[in-house]
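First up is the structure itself, then whatever we jot down about it.
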Amino acid sequence: MKFFGIDLGWKSQPSGLCYLKLTDEKLQIIDLDRKELITDILSWIDTCLKPEEPAIIAVDAPTLIPNTTGSRLPDKLTHKYFGKYHAGCYPANLSLPFAERTVNFGLELEARGFEHAPTIEPQKPGRYQIEVFPHPAIVHLFGLERILKYKKGCLSDRRTELIKLYNYITDILPRLHPPLCLWGKHLARFQKLLPEIPTTGIALKETEDKLDSLICAYVAAYWWYWGEQRNQVLGDRTTGYIIIPNRILDFRF
């Protein structure tokens, strides 16, 4: 089974891309990339997958927006359950400038056979897509009391927070199940794909997008592997939905 994370640029900015593959019960990082055009993102997916090959694609963007104004139900629920962590998401409605781009991306995935999966039979092969949100996922996967604030603020503070995210990924995700394979040659590959946390703003944003996409891809794998046993679903197919892992307190599992 293959898992893709898309940290989708909501307007015209580049998107972070991650491709994980489950082999012998371990998740291997196959690619970390960043592309600007939607057509290039879709071509990247098409290159990584054979026609009809099973995979799940997790997108950090509202691909289902039923409401013309206001907020979707899942947007409101992030504030209800994750506001105390500063992890509520932006409102989405069809009147906002990004809506056409994000909804159309979901439709492009549907045209390729990736059906929305707000419910899933764990470990059943298929072609699925889900909406995810890295901030609450990071809070729950790593047992944090607030989000890592690597998106806003001065450059040095953002870099410090991004280093924390990098360290959590390399320290904790290999101890969860399914584990992210980050030892030996696999760690060397990750370090080659993402050699260090940069010190300049443009390069830092690129790294941020890639790490966000890695979180998205891991959530895709976690949802496929465990389903609702270890994840929560905010919303549904009609209202729009966001998949978030349950809070993990014991990193041995």
Side-chain angles (χ1 to χ4, degrees), residues 1-8 15-34 44-45 48-49 54-61 82 85 87 89 114 117-118 120 122-123 128-144 147-148 150 162-183 186-187 189-191 193-194 207-234 241-253:
M1 189 70 176
K2 297 179 177 180
F3 308 94
F4 296 86
I6 312 290
D7 180 38
L8 189 67
S15 301
L17 311 173
C18 179
Y19 166 19
L20 303 179
K21 184 177 181 180
L22 186 67
T23 303
D24 297 328
E25 292 290 299
K26 298 179 181 66
L27 292 166
Q28 299 178 10
I29 299 175
I30 306 301
D31 196 15
L32 271 176
D33 206 343
R34 195 166 179 254
W44 177 78
I45 294 170
C48 296
L49 282 172
I56 180 168
I57 300 176
V59 184
D60 175 19
F82 297 97
Y85 305 113
C89 70
F114 294 96
I120 197 169
Q123 301 179 39
Y128 311 105
Q129 64 169 299
I130 57 173
E131 180 181 337
V132 297
F133 183 23
H135 273 322
I138 288 167
V139 166
H140 270 189
L141 286 171
F142 305 139
L144 306 182
I147 64 170
L148 298 176
Y150 52 83
L162 206 58
I163 289 172
K164 290 180 184 178
L165 176 58
Y166 182 95
N167 289 338
Y168 282 130
I169 287 171
T170 55
D171 179 51
I172 293 177
L173 292 189
R175 291 189 277 154
L176 302 183
H177 202 82
L180 183 64
C181 193
L182 284 178
W183 49 86
H186 302 291
L187 178 58
R189 177 174 179 80
F190 179 54
Q191 292 171 335
L193 289 168
L194 198 69
T207 298
E208 172 197 316
D209 292 344
K210 289 180 178 180
L211 290 180
D212 274 349
S213 73
L214 175 53
I215 294 295
C216 293
Y218 187 81
V219 173
Y222 203 75
W223 174 239
W224 179 81
Y225 199 91
W226 295 108
E228 293 183 55
Q229 180 182 351
R230 295 195 182 182
N231 295 274
Q232 60 190 106
V233 185
L234 306 183
Y241 65 94
I242 298 172
I243 306 295
I244 299 170
N246 290 343
R247 190 168 183 84
I248 295 174
L249 300 176
D250 188 338
F251 299 118
R252 293 173 298 172
F253 302 103

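The chain is numbered in sequence order, starting from 1.
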Does any non-hydrogen side-chain atom of [Y] lie less than 4.5 Å from one of [X]?
X: V59; Y: F114; value: no
X: F133; Y: L234; value: no
X: L182; Y: I29; value: yes
X: Y218; Y: V132; value: no
X: L32; Y: L211; value: no
X: I163; Y: Y150; value: no
X: L173; Y: Y168; value: no
X: Y85; Y: L144; value: no

At what distance, to the nearest 0.5 angstrom, does [atom1] of [X] lie from [atom2] of [Y]?
X: N231; Y: W226; atom1: CG; atom2: CH2; answer: 10.0 Å
X: E131; Y: I242; atom1: CD; atom2: CD1; answer: 4.5 Å
X: D212; Y: I6; atom1: CG; atom2: CD1; answer: 12.5 Å
X: L176; Y: I248; atom1: CG; atom2: CD1; answer: 4.5 Å
X: K164; Y: L148; atom1: NZ; atom2: CG; answer: 7.0 Å
X: L22; Y: C181; atom1: CG; atom2: SG; answer: 10.5 Å

Side chain to side chain contact (heavy atoms under 4.5 Å, CB included) between I244 and V139, worked out: CA-CA 10 Å; I244 299 170; V139 166; over 6 Å; no
Check against side-chain hydrogen bond (donor to acceptor under 3.5 Å, both in side chains), W44 and D31: CA-CA 10 Å; W44 177 78; D31 196 15; 3.0 Å; yes
Nearest heavy-atom neighbours spanning [X] and [Y]:
X: P174; Y: T170; answer: CG-O, 3.3 Å
X: V233; Y: E228; answer: CG2-CG, 4.3 Å
X: Q129; Y: Y241; answer: O-OH, 3.0 Å
X: W223; Y: P118; answer: CZ2-O, 3.5 Å
X: G227; Y: I120; answer: CA-CG2, 3.9 Å
X: P134; Y: C216; answer: CG-SG, 3.9 Å

With K2, which residues qualify under side chain to side chain contact (heavy atoms under 4.5 Å, CB included), at least two apart? F4, Y19, K21, L49, E53, A55
Can you list the steps and then say if Y128 with W224 is a ring-ring contact (aromatic ring centres under 6.0 Å, His included)? CA-CA 9 Å; Y128 311 105; W224 179 81; 8.3 Å; no
Using side chain to side chain contact (heavy atoms under 4.5 Å, CB included), reason through F142 and L165 one step at a time and then give a plain yes or no. CA-CA 9 Å; F142 305 139; L165 176 58; 4.0 Å; yes
Are the aromatic rings of H140 and F82 close, with centres under 6.0 Å apart? yes
